[in-house]
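Quick notes on the structure that follows.
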Amino acid sequence: MSTTPIARLLGIMASLRDPEGGCPWDLAQTHASIVPYTIEEAYEVAEAVDAGDPEELRDELGDLLFQVVFQARIAEEAGTFAFDDVATAIADKMVRRHPHIFGEVRGLDPDAVNAQWAAIKAEERAAKAARDKTRAGGSEPEDTATGTLAGVPLALPALARAEKISRKAASVGFDWPDAAEVIAKVREETDEVAQALAGEGPEAVAEEIGDLLFSVANLARHAGVDPEEALRRANLKFQRRFSAMEAEVTKDGHTLREAGLVAMEAAWVAVKRRER
């Protein structure tokens with residue numbers, strides 16, 4: 001009897017977690033233990049998109065889907081929810097957030113759609129906060145932002161979280177008027193880092209560098225750039241150029257340290273020139 005691909009995948013996951021004949025490694029995993037793999041797979045999807053490789057993207061999306069199936073299987077064994085519940089929840093959410101498609105609302109322009117989306121998400125956050133408070137016995141949950149800044153996951157990479165926090169603040173008018181003023185703020189924060197380095201302790205330096213990074217995230221937002229993606233691309237560019245420089249400097253048998261900074265800098269400039 002034929003089966004759907006997703007049913008086959010769910011069956012494979014069930015076999016891997018079978019207490020009597022499953023894989024010891026898979027059986028040992030918990031919700032928390034596989035989170036790093038889930039995050040890694042999400043980044044590998046982004047890398048496949050950057051590479052423009054459809055086959056690689058297909059494979060990486062499969063790896064990410066497997067992480068969803070894995071988490072759902074662990075939950076199903078605990079009696080909390082199953083994969084079908086995950087699919088139903090996101091389908092219901094998308095229908096709820098698109099009343100202009102699935103409901104009676106019609107004729108909205110993009111700005112009205114965005115405003116409607118924000119209002120619906122605000123209602124969802126309020127309902128979630130009420131549920132969380134009930135679970136906490138009536139007290140406010142710890143480390144949870146309220147009001148305008150609610151709903152930004154703590155688990156996000158810090159740079160991406162900074163952009164989302166500042167975007168929420170900007171939505172109520174707490175923002176610089178243009179990118180030029182953000183650049184001025186970045187320069188101000190750079191000066192404060194220099195002052196901290198000149199005469200303050202490591203904690204003060206770390207705080208000022210944090211302020212600088214937060215300002216840079218705001219600059220990226222004003223420029224319409226995803227700061228996390230921009231930094232990821234910068235990392236890849238540096239890695240590519242450094243590897244090319246290293247190959248050039250060490251082709252005669254010297255190590256980088258033996259060649260010295262002057263030789264490395266000259267090779268670096270040559271690599272950059274070849275990329276233009």
Side-chain angles (χ1 to χ4, degrees), residues 1-18 21-77 81-95 97-98 101 117 153 155-161 163-164 220 223-248 250-251 268 271-276:
M1 184 175 68
S2 63
T3 185
T4 64
I6 190 62
R8 180 177 177 230
L9 180 57
L10 292 170
I12 290 170
M13 187 72 254
S15 296
L16 292 173
R17 292 279 297 184
D18 185 345
C23 171
W25 186 89
D26 290 283
L27 284 166
Q29 302 313 304
T30 65
H31 284 304
S33 71
I34 62 173
V35 163
Y37 302 102
T38 307
I39 294 171
E40 180 180 339
E41 296 300 351
Y43 278 112
E44 290 183 359
V45 167
E47 187 173 336
V49 170
D50 279 347
D53 186 335
E55 290 188 7
E56 185 70 14
L57 177 58
R58 177 203 62 200
D59 290 347
E60 296 301 342
L61 285 171
D63 291 344
L64 183 58
L65 175 60
F66 184 77
Q67 294 298 311
V68 176
V69 168
F70 206 153
Q71 291 280 8
R73 180 65 195 185
I74 294 172
E76 184 176 2
E77 292 167 1
F81 61 83
F83 181 83
D84 282 355
D85 300 311
V86 175
T88 297
I90 186 59
D92 289 347
K93 181 186 293 184
M94 289 301 101
V95 169
R97 290 184 178 179
H98 294 81
I101 302 298
W117 179 276
L156 278 177
L159 197 60
R161 191 163 190 268
E163 191 273 343
K164 288 187 178 296
V225 172
D226 180 339
E228 193 72 28
E229 176 66 12
L231 182 56
R232 193 172 68 83
R233 288 175 180 266
N235 289 340
L236 290 172
K237 180 171 66 176
F238 179 86
Q239 181 179 324
R240 182 183 68 250
R241 289 176 174 176
F242 187 92
S243 296
M245 177 273 290
E246 184 172 23
E248 177 69 24
T250 60
K251 65 183 180 182
W268 180 271
V271 168
K272 288 181 65 178
R273 190 178 298 118
R274 287 198 297 269
E275 288 187 355
R276 295 189 182 126

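As the structure is a computational prediction, the values presented were derived from the model and not from experiment.
Rounding to the nearest 0.5 angstrom, the gap separating the CZ atom in Phe70 from the CG atom in Leu16 is 7.5 Å. In this structure, Asp50 CG and Leu236 CG are separated by 7.0 Å, a value rounded to the nearest 0.5 Å. Note that the CD atom of Glu47 and the CG atom of Asp53 stand 10.5 Å from one another [nearest 0.5 Å]. Note: Met245 CE to Arg241 CZ = 12.0 Å, rounded to the nearest 0.5 Å. From Ile39, atom CD1 reaches atom CD of Glu41 across 11.5 Å, with rounding to the nearest 0.5 Å. Note that the CD atom of Glu163 and the CD atom of Glu229 stand 12.5 Å from one another [nearest 0.5 Å].
Electrostatic pairing of Glu275 and Arg240 counts as a salt bridge here, judged by a charged N lying under 4.0 Å from a carboxylate O. Ion pairing of Arg73 with Glu77 is present here, as a side-chain N (NZ or NE/NH1/NH2) and a carboxylate O approach within less than 4.0 Å.
Closest heavy-atom contact between Gln29 and Arg17: O-NH1, 3.0 Å. Across all non-hydrogen atoms, the minimal contact from Pro157 to Tyr43 is CG-OH, 2.9 Å. Across all non-hydrogen atoms, the minimal contact from Arg161 to Pro153 is NE-O, 3.0 Å. Taking both residues in full, the closest heavy atoms of Trp117 and Met94 are given as CH2-CE, 4.3 Å, listed atom of the first, atom of the second, then distance. Nearest heavy-atom pair, Val86 versus Val68, reported as atom, atom and distance to 0.1 Å: CG1-CG1, 4.5 Å. Scanning both residues, Leu159 and Pro227, for their nearest heavy atoms gives CD2-O, 3.4 Å.
Annotation: side chain of Val69 is not in contact with side chain of Ile12 (no heavy-atom distance under 4.5 Å). Residues Met13 and Phe66 meet the side-chain proximity criterion, which asks for heavy atoms closer than 4.5 Å. Residues Leu156 and Lys164 meet the side-chain proximity criterion, which asks for heavy atoms closer than 4.5 Å.
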message: Determine whether Gln71 and Thr38 satisfy the following criterion, side chain to side chain contact (heavy atoms under 4.5 Å, CB included), listing intermediate values before the conclusion.
response: CA-CA 9 Å; Gln71 291 280 8; Thr38 307; 4.3 Å; yes
Sequence neighbours left out, cut at 3.5 Å: what donor-acceptor pairs do the side chains of residues 56-65 make with other protein atoms?
none

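For the salt bridge (Lys or Arg N to Asp or Glu O under 4.0 Å) test, no residue two or more places apart in sequence or in another chain qualifies with Asp85.
Judged by distance alone, the side chains of Thr250 and Glu246 never bring a donor and an acceptor atom under 3.5 Å apart.
Relative ring orientation between Tyr37 and Trp25 is described as perpendicular, the plane-to-plane angle rising above 60° on a 0-90° scale split at 30° and 60°.
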